[in-house]
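Comments concern the structure below.
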Amino acid sequence: MSLVLYNDLTRTKEPFVPLKEGHVGFYSCGPTVYDFFHIGNARPFIVFDVLRRYLEYSGYKVTFVQNFTDIEDKMINRANQEGITVKQLADRFIEEYFKDADALGIRRATHNPKATEHIPEIIALIEKLVEKGHAYAADGDVFFDVGSFPSYGVLAKQSLEELQSGARVEINERKRHPLDFSLWKAKKEGEPSWPSPWGEGRPGWHIECSAMSMKYLGETLDIHSGGTDLTFPHHENEVAQAEAATGKPFVRYWIHNGYLLIDKEKMSKSLGNFLTARAALQKYPAKAIRLFMLSAHYRSPINFSEESLNQSLGAVERLENCWSDLEHARKNRKTTSDGSRNEFESLFKEFEDRFITAMDDDFNTAAALGVLFEAVKTVNTYLKETQTLEESFLELAAEFFRKIDSVLGVLGLDAAAGEEDAAEIEALIAERNAARKNKDFKRSDAIRDDLAARGILLEDTPDGTKWKKKA
RNA sequence: GGCGGCAUAGCCAAGUGGUAAGGCAGAGGACUGCAAAUCCUUUAUCCCCAGUUCGAAUCUGGGUGCCGCCUCCA
């Protein structure tokens, strides 16, 4: 059994075999840093972070590269609007990106290259394309010559003619073919620029990903991912640029996530129907947002709504309750350790195998979550129905949850506890229990209500009172 | 015009030939001082029609509806 991925290049599921055994070179298109990213942008960040984690869980060494597009029309426009430099704008929103991405539990990439820091690599790639006759200069601009690259359209699965017939591209007389695209843009007044063999200018959007991905991962990448809207033309162009230059296959597995919709429409900045990740994080814990993203297959569209997020929140609470019950049992219940370890080992081994089977099948996180919840039920039932707990069960269950959560991150076991006020809470609980003993329910309920108002929820169990923070 | 996706219970969502995972919500019950949590029970024949098959949500054909890409966009 091993991972099978849906490859957009072939439009079929294929067994995943990396170029170098045991190692995966993974490039994921990152944000243009002109604004906060929204919850739709967050989908690929979360989903491909989980794929990356799963590859690592599966034993691969993963080099994960995600770029920052820090020079581009939108960057320039926004910087001008705000009266700051493009660099200042980029620095600010890279910082904001990390704040939100970290809060969402997205692990840091191995490399986060910026376009403006790779101008020499970009120019070198363009020069190579010009030399090989795949690009041509025109008044300080350089265009890629799609007519020179017969397999243009591999990802779109359309011929040049077919692509052109539906195209809404602006007429540009300097282009040989309407679909030729900019590799280098001549400087305009008030724009940042760099010297180049074609004069002062700046790189086009598509070229940065080809240049930077190959710099960090070599001429052939194992996985390249992004939103499905990038398939054409961005990724198509990346393929053309890289393969025209190197003559080697650029990417072995192209994977694209489906859109996040809101009111059945694509969430996007231009439509104005977006919710920033930051705003979402104020309303919902990261765990709930992650679980929401993972509750459907990554290639399906998902519809964002308050109701969906609330459902995910409910699900997360179920996971958390199970975990905290487990912890509580470990501290407060009688345990023994006779014999039955093997039985529990195979129980959790089976759950893990099923988790692996789900994830191996084109990264089916929805099915994987199903397995996780079945394990939750098993643990809950065991805790409820067993008088004297077997230590190995508690250990193995905790280990199972930790492992799964190292991939999915929906339990937040990585996050620091931060229970500095624990002592005070414990004291109040003791006071409340004393009141309960004296049947002073007025007093006991008052304490419980006060704590609830602070976001501390109490549960009375046969093994004493348990408390937790509201999710 | 070309390319592609989707349609499963009140909601979200797996499942691609053998008689429908999981979550949320709801109802009933157990437990509780009351709660909370948990457990038990309960809620679907898979958009429609026609085929293939011993057998289809799952394959084929035809409909209907929704959505995306071909332009910046995760």
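Computed from a predicted model, the values in this text were never measured in an experiment. So you know, we letter chains A, B, ... as the sequences are listed, proteins then strands, and number each from 1.
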For [N], the Watson-Crick or wobble counterpart (both distances under 3.5 Å):
| N | value |
| --- | --- |
| B:rG26 | B:rU42 |
| B:rC73 | none |
| B:rC59 | B:rG51 |
| B:rC34 | none |
| B:rG4 | B:rC67 |
| B:rU16 | none |

>> Measuring from atom CZ of A:R174 to atom CG of A:D141, what distance do you get when rounded to the nearest 0.5 angstrom?
In response: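 The distance works out to 4.5 Å.
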>> As an exercise, state the distance from CG of A:D180 to CG of A:L183, rounded to the nearest 0.5 Å.
In response: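 Going from CG on A:D180 over to CG on A:L183, the span is 9.0 Å.
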> Is A:N41 touching bases, backbone alone, or none of the nucleic acid, heavy atoms closer than 4.0 Å?
Replying inline: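 Here A:N41 touches the bases of the nucleic acid.
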> Across the strands shown, which category fits A:L260 at heavy-atom distances under 4.0 angstrom: base, sugar-phosphate, nothing?
Replying inline: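 Base contact.
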> Hey, does the Lys NZ or Arg CZ of A:R108 hover above the aromatic six-ring of A:F98, less than 6.0 Å from the centre and inside 45° of the axis?
Replying inline: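 Positive - A:R108 is close enough to the ring of A:F98 and near enough to its axis.
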> Is the cationic atom of A:R52 (NZ for Lys, CZ for Arg) positioned less than 6.0 Å from the six-membered ring centroid of A:F26 and within 45 degrees of its normal?
Replying inline: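 No, A:R52 and A:F26 do not form such a contact.
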> Starting at the 5' end of RNA chain B and moving along, which residue's nearest nucleotide shows up first, A:V371 or A:Q158?
Replying inline: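 First, find each residue's nearest nucleotide; the 5'-ward one identifies A:Q158.
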>> Between A:E374 and A:G226, which residue's closest nucleotide on RNA chain B lies nearer the 5′ terminus?
In response: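 The residue closer to the strand's 5' end, by nearest nucleotide, is A:E374.
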Could you write out each protein N or O paired with an N or O of nucleotides 40-47 of chain B at a distance under 3.5 Å?
residue, atom, partner, partner atom, Å
B:rC40, OP2, A:K377, NZ, 3.2

> Are A:N433 and A:R436 linked by a side-chain donor-acceptor pair shorter than 3.5 Å?
Replying inline: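 A pair is found: one side chain offers a donor N or O, the other an acceptor, under 3.5 Å apart.
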If the [atom1] atom of [N] is compared with that of [M], how far apart are they to the nearest Å?
| N | M | atom1 | answer |
| --- | --- | --- | --- |
| B:rU58 | B:rA14 | C1' | 13 Å |
| B:rA44 | B:rA7 | C1' | 15 Å |
| B:rU45 | B:rA37 | P | 30 Å |
| B:rG2 | B:rC11 | C1' | 36 Å |
| B:rC59 | B:rG68 | C1' | 26 Å |
| B:rG23 | B:rU38 | P | 11 Å |
| B:rA36 | B:rU64 | C1' | 48 Å |
| B:rA57 | B:rG51 | P | 16 Å |

Polar-atom pairs under 3.5 Å, protein N or O versus N or O of nucleotides 10-13 of chain B: list them with distances, or write none.
residue, atom, partner, partner atom, Å
B:rC11, O2', A:E307, OE2, 3.4
B:rC11, O2', A:Q311, NE2, 3.3
B:rC11, O2, A:Q311, OE1, 3.3
B:rC11, O2, A:Q311, NE2, 3.0
B:rC12, O4', A:Q311, OE1, 3.3

Between [atom2] of [N] and [atom1] of [X], the distance in whole Å:
| X | N | atom1 | atom2 | result |
| --- | --- | --- | --- | --- |
| A:H224 | B:rA74 | NE2 | C1' | 11 Å |
| A:H256 | B:rC3 | NE2 | C1' | 14 Å |
| A:Y298 | B:rG5 | OH | P | 14 Å |
| A:R299 | B:rG4 | CZ | P | 14 Å |
| A:L163 | B:rG4 | CG | C1' | 13 Å |
| A:H234 | B:rC69 | NE2 | C1' | 15 Å |
| A:D35 | B:rC73 | CG | C1' | 13 Å |
| A:F373 | B:rC39 | CZ | P | 12 Å |

Could I get the full list of salt bridge (Lys or Arg N to Asp or Glu O under 4.0 Å) partners for [X], not counting sequence neighbours?
| X | answer |
| --- | --- |
| A:K269 | none |
| A:K466 | A:D325, A:E459 |
| A:K187 | none |

> For A:K283, does the NZ atom sit with more than 12 other heavy atoms under 6.0 Å from it, leaving out its own atoms?
Replying inline: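 At most 12 heavy atoms, drawn from other residues, nucleotides or ligands, come within 6.0 Å of this atom.
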> Around A:Q81, counting heavy atoms of other residues, nucleotides and ligands shown, do more than 12 lie under 6.0 Å from its CD?
Replying inline: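 Correct, the count exceeds 12.
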> What do the steps show when you test A:F93 against A:D70 for side chain to side chain contact (heavy atoms under 4.5 Å, CB included), and what is the final call?
Replying inline: CA-CA 9 Å; A:F93 283 108; A:D70 62 347; over 6 Å; no
> Are the side chain of A:D361 and the backbone N or O of A:T357 linked by a donor-acceptor pair below 3.5 Å?
Replying inline: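 Side chain of A:D361 to backbone of A:T357: no pair is present.
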> Between A:N364 and B:rG15, does any side-chain N or O lie under 4.0 Å from OP1 or OP2?
Replying inline: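 Answer is yes, contact under 4.0 Å.
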> Between A:H234 and A:W205, how do the two ring planes meet: parallel, tilted or perpendicular, split at 30° and 60°?
Replying inline: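 Geometry flag for A:W205 against A:H234: parallel rings.
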>> I need the minimum non-hydrogen distance between A:H328 and A:T465, along with the two atoms involved.
In response: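 Heavy atoms only, the tightest pair is NE2-O, 3.9 Å.
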> How would nucleotides 26-37 of chain B be written as a contact map, 5' to 3', with B for base contact, S for sugar-phosphate-only contact and - for no contact, using protein heavy atoms under 4.0 Å?
Replying inline: -------BBBBS
> Within the modelled atom types, does a donor on one side and an acceptor on the other bring the side chain of A:K266 and the base of B:rC73 under 3.5 Å apart?
Replying inline: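 Looking at the base of B:rC73, it does pair with a donor or acceptor on the side chain of A:K266 (distance under 3.5 Å).
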